[in-house]
Amino acid sequence: MSKGLPDRSNDFSAWYTQVVNRAGLADHGPVKGTMVIKPYGYQLWENIRDVFDKMIKETGHVNAYFPLFIPKSFLAKEAEHVEGFAKECAVVTHTRLKSDPEKGIVVDPESELEEEIIVRPTSETVIWSMYKKWIQSYRDLPVLINQWANVVRWEMRTRLFLRTSEFLWQEGHTAHATSEEAEKETLDILELYRQLAEDYLAIPVITGLKTDSEKFAGAERTYCIEAMMGDKRALQAGTSHNLGQNFAKAFDVTFQTQDNKEELVWATSWGVSTRLIGAIILTHGDDKGLRLPPKIAPIQLVIIPITKSEDQVNELKAYLEPITKNLKESGIRMHEDWTNNSPGFKFNEWEMKGVPLRMEVGPRDVKEQKVVLVKRDGKEKLFMSKNNILDPIQKLLKDIQSDLFDRARDFRDSNTHRVKDYNEFKSVISRGGFVRCGWNGNPETEASIKEETKATIRCIPFNEEPKGLSCIFSGEEAKHEVVFAKAY
RNA sequence: CGGAGCGUGGCGCAGCCCGGUAGCGCACCACAAUGGGGUUGUGGGGGUCGCAGGUUCAAAUCCUGUCGCUCCGACCA
């Protein structure tokens, strides 16, 4: 078995695949692009979920659950939105199997459904069919519902976490009395996404608006957070849509205003998915494997005991007991590795799994009443007195969290370029990285550039400064300053 | 859907041309030693060779059919 990982600069995607596998995050399911999220990967997801769940509850949202199955007729109600997903829907057509003497188990043709059922690719339609029942008056608004669920999109090319046929996500679906309120909600959520990405996942993101060609089909406007991965490609990490009155129209959801008029409801929807785990791997991973931000790492501190004899094992356990008790009580997520592997093996293994901090404890430390701490990054061994190690550990975790963010931000910034002309644009794009430049606002320009370079407009950043810029493609006066990149 | 390739213990492969007792590495299990950067030794378990037919005394190997998967091109959080 090869011990090292494939060279990241040479074969980034082979590196990614192996990290996912060897860190024990996920595996392929038996049906084509499906994914089994293994316990270690799932704990990571749970931690992300818990952080965001808390955020949205603090801002007045509540969780609910809507069905996996959607009547096919619902997708006809909103033509634009359908276009986005129709090509990748799983459809239920029958309800029974039966045994066949020749072929084993077959679909029972007798059980064909009158109306086929769609497995949700996203839940706008089911949810708005219910909102129609629930919303009568302005007093019923706003509705601020979120659900944690799985969705299915029958993708052709899949990669674990980044694009799978079924994935886990949260989808928020809100209903409001005014356009302004819906817009505010859309932006407030985007800000929560930014915080989730930057403050917890340590992934620096650009916030901005999608162009029409990149926006969600059913939306008026799509806002997003975009991040740069370790191979300098862009990854859309979360989206927040202002749906205007599109779904209210499709499902005829109206409400009575204070002055007794009937009006259509305003809507938003927003989501982040298990793709965030892919983003963490691609942003922070290095030659030794995964690196996890302490705030969401399933294990923040791994303890590697080093022993020779049985006697030493008992001595060490007694030595560790008060130390670990204190750390556990203080909320440090930790794990002691008592497996029979050699210490060197364990070091590599836990580095592969991205655990931020390692503690080594052996006979020498017992004698000196110390422990050894090593950061996932550094080779440096920090010798600490066994008493009062909580503070230094908390400080180290904090440092690791901010180091990860700083490093990723520096990497992104040093690979974000401003270019003089289209030739320079093309050469930067081919080398990889973000280009900030002017755009004339024309979708055809965008399409031409995509055609020639494979780069797309990732977003129109909120901090754009189009004044004085000219369009990189046409030379015309720029309508927007945009971020171009090749994307996942 | 178009192009290429692959199905043989859990994983990665060899064997197939030229039919004749299923093999290797890793992983796994047991015991012993080792243990501060991927540790050794000894012993051991596990495969109807994708599936279905056919040829043959004999099929992983030859023939026919079938199913599945992976990789590369048009879509997507």
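Within every chain, numbering begins at 1; the chains are lettered A, B, ... in the order of the sequence lines, protein sequences first and strands thereafter.
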### Message
Regarding A:D7 and A:W15, do their side chains bring together a donor and an acceptor under 3.5 Å, going by distance alone?
### Response
no
ask   = Is the distance from OP1 or OP2 of B:rU39 to the nearest side-chain N or O of A:S342 less than 4.0 Å?
value = yes
**OP:** Flag as yes if A:W169 stacks onto the base of B:rA77 (centroids under 5.5 Å, planes under 30°), otherwise no.
**Re:** no
Between the protein and nucleotides 71-73 of chain B, which nitrogen or oxygen pairs are less than 3.5 angstrom apart?
from, atom 1, to, atom 2, distance (Å)
B:rC72, OP1, A:R157, NH2, 3.4
B:rC72, OP2, A:R157, NH1, 2.8
B:rC72, OP2, A:R157, NH2, 2.5

Taking atom types as modelled, find out whether A:T339 and A:D337 have a side-chain donor-acceptor pair closer than 3.5 angstrom.
yes
Hey, are A:T456 and A:E446 close enough side-chain-wise for a donor-acceptor pair under 3.5 Å? no
Taken to the nearest whole Å, CZ/A:F347 to C1'/B:rG36 is 6 Å
Side-chain contact check for A:I306: nearest option of B:rA77, B:rG37, B:rG35 is B:rG35
Under 3.5 Å between N/O atoms: give me all the protein pairs with nucleotides 2-5 of chain B, atom names plus distance.
none

Considering every strand and a 4.0 Å limit on heavy-atom distances, what is the contact class for A:T164: base, sugar-phosphate, or nothing? base
Of B:rG37, B:rG35, B:rA77, the nucleotide closest to the side chain of A:N348 is B:rG37
As its Watson-Crick or G-U partner within any shown strand, both distances under 3.5 Å, B:rG68 has B:rC6
message: Could you tell me if A:Q312 and A:Y319 have a donor-acceptor pair between their side chains, going purely by distance under 3.5 Å?
response: no
ask   = Do A:K295 and A:Q300 get their side chains close enough for a donor-acceptor pair, meaning under 3.5 Å?
value = no
When both distances are under 3.5 Å in a Watson-Crick or G-U wobble arrangement, the nucleotide paired with B:rG53 is B:rC63
>> If only side-chain N and O atoms count, and only distance matters, is there a donor-acceptor pair under 3.5 Å linking A:S269 with A:E124?
In response: yes
In Watson-Crick or G-U wobble terms, with both distances under 3.5 Å, the base opposite B:rC75 is none
Regarding the side chain of A:F345, the nearest nucleotide among B:rA77, B:rG36, B:rG38 is B:rG38
(request) Using only heavy-atom distances, determine whether the side chains of A:E220 and A:N246 contain a donor-acceptor pair under 3.5 Å. (result) yes
Quick check: any donor-acceptor pair below 3.5 Å linking the side-chain of A:E351 to the base of B:rG37?
yes
* Check: A:Y223 ring centroid to A:Y193 ring centroid under 6.0 Å -> no
Assert: residue with more 5' nearest nucleotide on RNA chain B, out of A:L162 and A:D365, is A:D365
Per atom distances to the A:E155 side chain, the nearest of B:rG35, B:rC75, B:rG36 is B:rC75
Against the side chain of A:K381, the closest entry in B:rG36, B:rU34, B:rA77 is B:rG36
| Do A:E185 and A:T268 meet the criterion of a side-chain donor-acceptor pair at a distance under 3.5 Å? | no
